[in-house]
Amino acid sequence: MDAFFKVQGGIALILSIGVIAVVLVAFLDSLRHRVDAFPAAGKLTKPIWCGILGVGVLLSLLTFGNPLNIFTLLVVVASAVYLADVRPALQRVVGGGRSNGPYGPW
């Protein structure tokens, strides 16, 4: 039974590190975009997203080692929404860094 708890603790540690990594990536990405790009993309303003993700970083640090509580799940959802919806919209507005050749992106 002791081995089971060690494996369970190891999985919780890996998940906690993953949560902190995802939230930190989303937070740092929100900091690097211009203020006017957020409304131009039709999203919430930069201070709101930075606040949501900043609180998310703090909550993920406070709940380290317990990755399946309600606060961690909310943080993961907020980060996923930012990374899957807001970030691509910002990249389209700012000019996503993809090079356009004569026949389209490449």
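The CG atom of L74 sits 8.5 Å away from atom CG of L59, with the distance rounded to the nearest 0.5 Å. Here the OG-CG distance, from S79 to L53, works out to 5.5 Å after rounding to the nearest 0.5 Å. If you take CG on L62 and CG on N69, they are separated by 10.5 Å, rounding to the nearest 0.5 Å.
Tracing side-chain contacts under 4.5 Å through hydrophobic residues (I, L, V, M, F, W, Y), one never reaches V22 starting from I14; they form parts of separate clusters. Under a hydrophobic clustering in which Ile, Leu, Val, Met, Phe, Trp and Tyr are joined whenever their side-chain heavy atoms come within less than 4.5 Å, directly or via other members, I48 and L58 fall into different clusters. Under the 4.5 Å side-chain heavy-atom criterion for grouping Ile, Leu, Val, Met, Phe, Trp and Tyr, L73 is not connected to I20 through any hydrophobic cluster.
Apart from V7 itself, the hydrophobic cluster it occupies contains I11, L15, where clustering links Ile, Leu, Val, Met, Phe, Trp and Tyr at side-chain heavy-atom distances under 4.5 Å.
Annotation: side chain of F64 is in contact with side chain of L13 (closest heavy-atom distance under 4.5 Å). Side-chain contact between T45 and V35 is absent, with no heavy-atom pair separated by less than 4.5 Å.
Within the 3.5 Å criterion, the main-chain N or O of F38 finds no donor-acceptor partner in the side chain of K46. A donor-acceptor contact shorter than 3.5 Å links the side chain of Y82 to the backbone of S30.
Here the closest heavy-atom approach between residue I52 and residue A78 is recorded as CG2-CB, 3.9 Å. Between A37 and V94, the shortest heavy-atom distance links the atoms CB-CG2, 3.9 Å. What you find for L83 and P88 is that their closest heavy atoms are O-CD, 3.4 Å.
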Worksheet item: Yes or no on side chain to side chain contact (heavy atoms under 4.5 Å, CB included) for F71 and V76, after CA distance, side-chain angles and deciding distance?
Response: CA-CA 9 Å; F71 297 114; V76 169; over 6 Å; no
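Within the structure, every pair that satisfies the salt bridge (Lys or Arg N to Asp or Glu O under 4.0 Å) test and touches residues 64-89, not counting sequence neighbours, is listed here: D29-R87, K43-D85.
Each of V77, T63, V23, N66 was compared with T72 under the side-chain contact (heavy atoms from CB on, under 4.5 Å) criterion, and only T63 meets it.
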